[in-house]
Amino acid sequence: MAKEAKNIITSICDEQCKLGDQLLPKNAAKTISIAIERKRNQNKAKKLPQEPDKPGRESMRRSRTDVTSMDKLYLMLTELCSAINYTPSIQVWEHTFAPREYLTQHLESRFTKALVGMVMYNPDSGEIAKPSELLNSVEAYMGVLQTIENYVHLDITRVFNNVLLQQTQPQDSHGDKTITALYTNWYLEVLLRRVSTGQIMFSPNRHAFVNVGVDPNQVAVNAEEFSDISELRSLAELLGPYGMKFLNESLMWHISSQVAELKKLVTQNKDVLTTLRTHFDKPALMAEHFNRLRDVDNVLKRVTIVGVILSFKTLAQEALNDVLKKRIPFLMSSIIDFQKHFPETPENNMVRVEIVNEMASAAGLPCDVDPALCAALRVQKSENPDDDYKIACLLMVFIAVSLPMLSLDSQSSFRADLEGHTNNIHCLAKAVNSIAAAMFTIYGKGRVTIEERLKEFLALASSSLLKLGQETDKLALRSRESVYLLLDQIVRESPFLTMDLLESCFPYALLRNSYHAVLRQDNRM
């Protein structure tokens, strides 16, 4: 009886999910296009397209004697639930059997399988359901389950809590993958990996990843449909704070692997970078030693990947923050107030500050120093802190002196409509600030060390970029103005640098002219 009731409930849920899908915004496109075509051809003899049935048409009955399939299902469900609810327990020898508890277990099992099934994840093709569509189906499913309380005395809230809480973890109680694991894997292995192919870029203007250079209808994944703010809010609703924390930790693991490779490249060029760091005011010597650097393109590529991952993390955190402000506004206001007024004094050492940042980050609030990134990079800490600190300093030097190489790439052009570079080098700004803040929090002495090292980075970067003005090679000049804008983006992104400091080492008139140049070029295209 419980299994039959479960099957009937599943059939009702499937039908309600289909009805709920009819209300999705994407289904309005067909109605709008037909209305436009009818208006355009209303005075012509051409046969007009028939308007499709609108959602809710199935509820309009011509006669009360008509019995629909849903009516039959509800009638069968009522009879079964009445029988299950007839007795609270049955004694069989020395065992007590509770029909309602047995039905509850079946509903939990079915709800869990239905949730994972509705994700529709296909590892081969990389297809997955949009978070907003999944959320719509889950709400329809939960609505049906809540109506069961009208027929039998069950605690459906307990079912929801047990199932949905397990879905916020990477595995459920049976060891199977959850929606958290599936979406985390998809965003990391499908969406973010395709960004590096050059067909997807992060747009700060749109707050999303967008497809560039290709028709969105011809690509397997339309990036904007999965990374805009409405989809990520739906994702945060589904995964909850625990699931979003797991997503962030997975992102940080990928960043830590990139930083580990960057440290290896720094170690290979350690002597040359040490010389560059101490002689940045001698152009001839700098040019000579820069030519001895190896794997410059590899460094820039890896730092760009880190920036792309951090940009996605920022979008996910903003979405989580929006959802929590809606769900728990009073608790969120307390967390915001606590973070804002927690004093960074010698008595409150970096450990205490990091604990506060960790609490704020779990609520989706931005932090000057990312606690998740600190935790991921702290694993790489060696027994000699002085060597770690020196490697961190030389890594910033490596990135700073390598920036002019970006002007050789035609994909480094700045797109004003998307407020970003086609090859995502604008994400370097977030990568530089986040890596510096995390590494010098771990290896240095807190905020003072971060500010000093970022000032050194700015001096080296501006000195290296100003040399582009002396270049005569047209190949090296085609993206020069677009690369200049990186300095402005780095300072604007940083909580540790100011525009006055940038003005002291890089003329703002040059930045202003660069903005004009890229805007004119964008308008011509």
Side-chain angles (χ1 to χ4, degrees), residues 187 191-192 194-214 216 221-233 235-236 248 251 255 300-301 303-322 361 364-368 370 373 399 403 406 409 411-437 454 461 479 481-499 502 511-512 514-523 525:
Y187 277 104
L191 180 67
L192 293 179
R194 294 187 183 183
V195 175
S196 58
T197 62
Q199 296 182 345
I200 298 175
M201 70 170 280
F202 171 66
S203 172
N205 187 18
R206 298 188 186 178
H207 266 61
F209 286 86
V210 296
N211 294 85
V212 289
V214 291
V221 176
N222 189 345
E224 196 166 3
E225 289 187 355
F226 289 88
S227 62
D228 71 349
I229 191 65
S230 61
E231 293 298 330
L232 291 178
R233 282 174 183 163
L235 184 69
N248 288 338
L251 293 171
I255 290 176
L300 291 172
K301 184 178 179 181
V303 178
T304 303
I305 291 172
V306 171
V308 168
I309 296 174
L310 287 170
S311 298
F312 175 74
K313 177 182 180 291
T314 302
L315 293 179
Q317 287 291 90
E318 288 177 0
L320 175 63
N321 188 22
D322 292 341
S361 180
L365 298 173
C367 303
D368 292 347
D370 192 332
L373 184 57
I399 299 170
L403 291 180
L406 296 170
D409 188 358
Q411 295 296 311
S412 295
S413 58
F414 185 84
R415 290 189 55 173
D417 58 330
L418 298 176
E419 286 188 5
H421 299 77
T422 309
N423 58 356
N424 287 303
I425 60 171
H426 56 285
C427 296
L428 282 167
K430 191 173 287 292
V432 166
N433 286 298
S434 298
I435 290 175
L454 281 174
S479 299
E481 285 78 14
S482 296
V483 176
Y484 281 161
L485 302 183
L486 278 176
L487 280 182
D488 185 48
Q489 291 168 342
I490 288 170
V491 174
R492 290 180 184 276
E493 189 77 37
S494 176
F496 308 100
L497 298 174
T498 61
M499 294 304 293
L502 176 62
L511 280 175
R512 186 174 61 246
S514 298
Y515 273 113
H516 288 161
V518 297
L519 188 59
R520 284 197 300 271
Q521 184 181 0
D522 197 51
N523 289 335
M525 294 172 63

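None of the values given here were measured: they were computed from a predicted structure. All values below were derived from every heavy atom in this structure, side-chain atoms included, with hydrogens, water molecules and symmetry-related copies excluded.
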Spacing of [X] atom [atom1] and [Y] atom [atom2] [to the nearest 0.5 Å]:
X: Asn211; Y: Asn222; atom1: CG; atom2: CG; result: 5.0 Å
X: Arg415; Y: Asn205; atom1: CZ; atom2: CG; result: 11.0 Å
X: Leu519; Y: Asp417; atom1: CG; atom2: CG; result: 10.0 Å
X: Leu428; Y: Leu406; atom1: CG; atom2: CG; result: 6.5 Å
X: Ser479; Y: Phe414; atom1: OG; atom2: CZ; result: 12.5 Å
X: Ser227; Y: Arg206; atom1: OG; atom2: CZ; result: 10.5 Å

Measuring only between side-chain heavy atoms, which start at C-beta, is [X] closer than 4.5 Å to [Y]?
X: Asp368; Y: Phe496; answer: yes
X: Arg492; Y: Leu497; answer: no
X: Ser203; Y: Glu419; answer: no
X: Glu231; Y: Asp228; answer: yes
X: Leu418; Y: Val212; answer: yes

What are the two closest heavy atoms between [X] and [Y], and how far apart are they?
X: Leu300; Y: Thr304; answer: O-OG1, 2.7 Å
X: Glu224; Y: Val210; answer: OE1-CG1, 3.5 Å
X: Ala236; Y: Leu320; answer: CB-CA, 3.9 Å
X: Leu403; Y: Ala461; answer: CD1-CB, 3.8 Å
X: His421; Y: Ser482; answer: NE2-O, 2.7 Å
X: Phe226; Y: Leu232; answer: O-CD2, 4.0 Å

**Message:** Using the rule given for side-chain hydrogen bond (donor to acceptor under 3.5 Å, both in side chains), can you reason through Asp370 versus Ser434, listing the C-alpha separation, both sets of side-chain angles and the distance that settles it, and then say yes or no?
**Reply:** CA-CA 7 Å; Asp370 192 332; Ser434 298; 5.9 Å; no
Audit row: Asp322, Ile229, side-chain contact (heavy atoms from CB on, under 4.5 Å) steps and yes/no: CA-CA 10 Å; Asp322 292 341; Ile229 191 65; 4.0 Å; yes
- Message: For a side-chain contact (heavy atoms from CB on, under 4.5 Å) check, start with the C-alpha distance between Asp488 and Tyr515, then their side-chain angles and the critical distance, and finish with the verdict.
- Response: CA-CA 10 Å; Asp488 185 48; Tyr515 273 113; 2.6 Å; yes
Residue pairs meeting salt bridge (Lys or Arg N to Asp or Glu O under 4.0 Å), one or both in residues 427-437, sequence neighbours left out, come to Lys430-Glu493
(Q) Between Asn424 and Ile200, is the side-chain contact (heavy atoms from CB on, under 4.5 Å) condition met? List the steps. (A) CA-CA 9 Å; Asn424 287 303; Ile200 298 175; 6.0 Å; no
The single option from Ser196, Ser412, Ser413 that satisfies side-chain hydrogen bond (donor to acceptor under 3.5 Å, both in side chains) with Asn423 is Ser412
side-chain contact (heavy atoms from CB on, under 4.5 Å) evaluation trace for Phe312 with Leu192
CA-CA 8 Å; Phe312 175 74; Leu192 293 179; 4.1 Å; yes
Audit row: Gln317, Asn248, side-chain hydrogen bond (donor to acceptor under 3.5 Å, both in side chains) steps and yes/no: CA-CA 9 Å; Gln317 287 291 90; Asn248 288 338; 2.8 Å; yes
